[in-house]
Amino acid sequence: MGHVKLHIPGPVEVSKKTFGAFCSPMIGHRGQGFKDLYAKMQPQLQQLLDTKQLVNLSTSSAWGVMEGAIRNLVSKKVLNCMCGAFSDKWLDVSQRCGKQAEALQVPWGSPIRAEQIDARLRTGQFDALTLIHNETSTGTMSPLGEIAALKAKYPDVMFIVDAVSSMSAVPLKFDELGIDVLLAGTQKAFALPPGLTVFTCSEAALERAGTLKDRGYYFDFVEFQKNAELSMTPSTPSIGHVYALASKLEDFFAEGLEIRYERHRRTNQMTRDWAARHGFKLFPEAGFESITLCCINNGARTGGRVVDATKLQKLVKDQGFLIDGGYGKIKGTTFRISNMGDETDLSMNLLFAALDNAMGQL
Ligand SMILES: *Cc1c(COP(=O)(O)O)cnc(C)c1O
């Protein structure tokens, strides 16, 4: 059987054009060719994140920079906002870095709300918090705007935000939000191969990092800043990824960012409509559903027809598409369908035809 097209929420399908760019001939990472390549992308990345800060490129998956943010910015204690598999894990990572850390845990499927954070920060114990904008395991999007607004009240708390599965699919205005770190691995909505993370830091974050010992070398934000000023990275980056990102940014701006955001909203709505047509309910709390994927209840907890997600996944895979059969502790009761990256009405309709066919066989 040929290639199975990815509709899991990361990694997602990578286009031929992107792979072509990825396979460009190698250049030296201290030469003018590399500097020109990065310098050309910098204003595009800044426009994407609506920031005047430099945007950094880390050869690592997202967790490298997520862990790095803890090592660079947490001195007193970090508040880890937890609502799913990825955000829950950040507490464990903070502790493994030897930091004082506390959980703000809400049930999976619920978003994180500003008033919950406010109640904890008010204690004055914390100098950093971690938040996942779009919790990919549960398909839940937390209201970043209302949370970021707290920064004005707590200027000394570093707001570290993972936008791994939302960056480039929804508008994220870094400077306006006033948060301190924003990061994304590129195998999600960017639709690049895994292995590269894009991130930016506020002035305050760079200042804080400068005062912290034990921030290590590979993910030292001060090193990233110094190098980015010269259109370079601290160590040898995955140059293939940098070429691929340059190609992808061309695509973003050729399409237009607003049109790209609208396309994600529309293909997500199509997925919700497909689920509703089959009597399925979405897992997240109403009003906080992701727009880059749908996490769908298989019926086990919500009543009505119960569908075996593993069987559904197999029947769809036999037709050339890979969906996700549920993640972590909601595996077995949910399944997930991604619409992030390059997906269009046409490509989603091909998937829905395969899903309809599979449903008919269950
Ligand atoms: C995928 C994902 C991660 C983990 O990324 P890695 O590439 O495995 O490091 C972190 N956060 C979110 C929200 C994700 O979706």
TODO: Answer with yes or no whether the hydrophobic clustering places L312 together with L350; edges join I, L, V, M, F, W, Y residues whose side-chain heavy atoms lie under 4.5 Å apart.
DONE: yes

Task: Pairs satisfying salt bridge (Lys or Arg N to Asp or Glu O under 4.0 Å), at least one member in residues 102-117, at least two apart - done: K77-E102, E102-R120, R113-E146

Open item on the list: I need the full list of side chain to side chain donor-acceptor pair (under 3.5 Å) pairs touching residues 172-181, with sequence neighbours left out, sorted by first then second residue.
Closed with: D50-K173, T51-D175, K151-D180, D180-S202

Open item on the list: Under a 3.5 Å threshold, yes or no: a donor from one side chain and an acceptor from the other, between N227 and T233?
Closed with: no

Open item on the list: When you group the ILVMFWY residues by side-chain heavy-atom contacts below 4.5 Å and let the links chain together, are V93 and Y218 in the same group?
Closed with: yes

Open item on the list: Quick check on the hydrophobic clustering: are Y217 and M66 connected, directly or via other members, by side-chain heavy-atom contacts under 4.5 Å?
Closed with: no

Open item on the list: So, using ring-ring contact (aromatic ring centres under 6.0 Å, His included) as the criterion, who are the partners of F22 when residues are at least two apart?
Closed with: H241

Open item on the list: Whether the T136 and S165 side chains hold a donor-acceptor pair (N or O, under 3.5 Å, no angle test) is what I'd like checked.
Closed with: yes

Task: Residue pair N134 / T292, side-chain donor-acceptor N/O under 3.5 Å - done: yes

Task: By ring-ring contact (aromatic ring centres under 6.0 Å, His included) - contacts of F224 (at least two apart) - done: F199

- [ ] Answer whether the closest heavy-atom distance between the side chains of S60 and V65 falls below 4.5 Å.
- [x] yes

- [ ] Flag the pair K248 / S15 as yes when at least one side-chain heavy-atom distance between them is below 4.5 Å, and no otherwise.
- [x] yes

Task: Polar contact flag, side-chain donor to acceptor under 3.5 angstrom, E135-S87 - done: yes

Open item on the list: Side chains of H278 and D356 only: does a donor on one sit below 3.5 Å from an acceptor on the other?
Closed with: yes

TODO: Flag the pair H7 / V12 as yes when at least one side-chain heavy-atom distance between them is below 4.5 Å, and no otherwise.
DONE: no

Task: Distance-only polar pair, side chains of H133 and S166, donor-acceptor under 3.5 Å - done: yes

TODO: Using distance alone, with no hydrogens and no angle criterion, decide if N297 and T334 have a side-chain donor and acceptor under 3.5 Å apart.
DONE: no

Task: Salt-bridge present (D127, K76; N to O < 4.0 Å) - done: no

Task: 4.5 Å side-chain heavy-atom contact, F174 and V55 - done: no

Open item on the list: Is a donor from one side chain sitting under 3.5 angstrom from an acceptor on the other, for Q53 and T200?
Closed with: no

Task: Side chains of Q46 and K52 in contact at under 4.5 Å (non-hydrogen atoms) - done: no

TODO: Taking the side chain as every heavy atom from C-beta outward, state whether L183 and V198 have any atom pair closer than 4.5 Å.
DONE: no

Task: Donor on one side chain, acceptor on other, K5 and H3, under 3.5 Å - done: no

Open item on the list: Which heavy atom of P193 sits nearest to which heavy atom of F19, and what is that distance?
Closed with: CG-CE2, 4.0 Å

Open item on the list: Applying ring-ring contact (aromatic ring centres under 6.0 Å, His included) to F34 and Y243, what does each step give before you reach the verdict?
Closed with: CA-CA 9 Å; F34 180 84; Y243 275 119; 8.5 Å; no

TODO: Not counting sequence neighbours, which residues clear ring-ring contact (aromatic ring centres under 6.0 Å, His included) with F190? List them please.
DONE: F252

Open item on the list: My understanding is that a hydrophobic cluster links ILVMFWY residues whose side chain heavy atoms are under 4.5 Å apart, including indirect links. Using that, what else belongs to the cluster containing W108?
Closed with: F283, I330

Open item on the list: According to a hydrophobic-cluster definition based on side-chain heavy atoms being under 4.5 Å apart (Ile, Leu, Val, Met, Phe, Trp, Tyr only), do F288 and L144 belong together?
Closed with: no

TODO: Indicate if V222 and I160 have the same hydrophobic cluster label, given that clusters are the connected sets of ILVMFWY residues with side-chain heavy-atom separations under 4.5 angstrom.
DONE: no

Open item on the list: When you compare the side chains of K17 and S247, does any donor N or O come within less than 3.5 Å of an acceptor on the partner?
Closed with: yes

Task: Given N339, T344, D345, the one that forms side-chain hydrogen bond (donor to acceptor under 3.5 Å, both in side chains) with T267 - done: N339

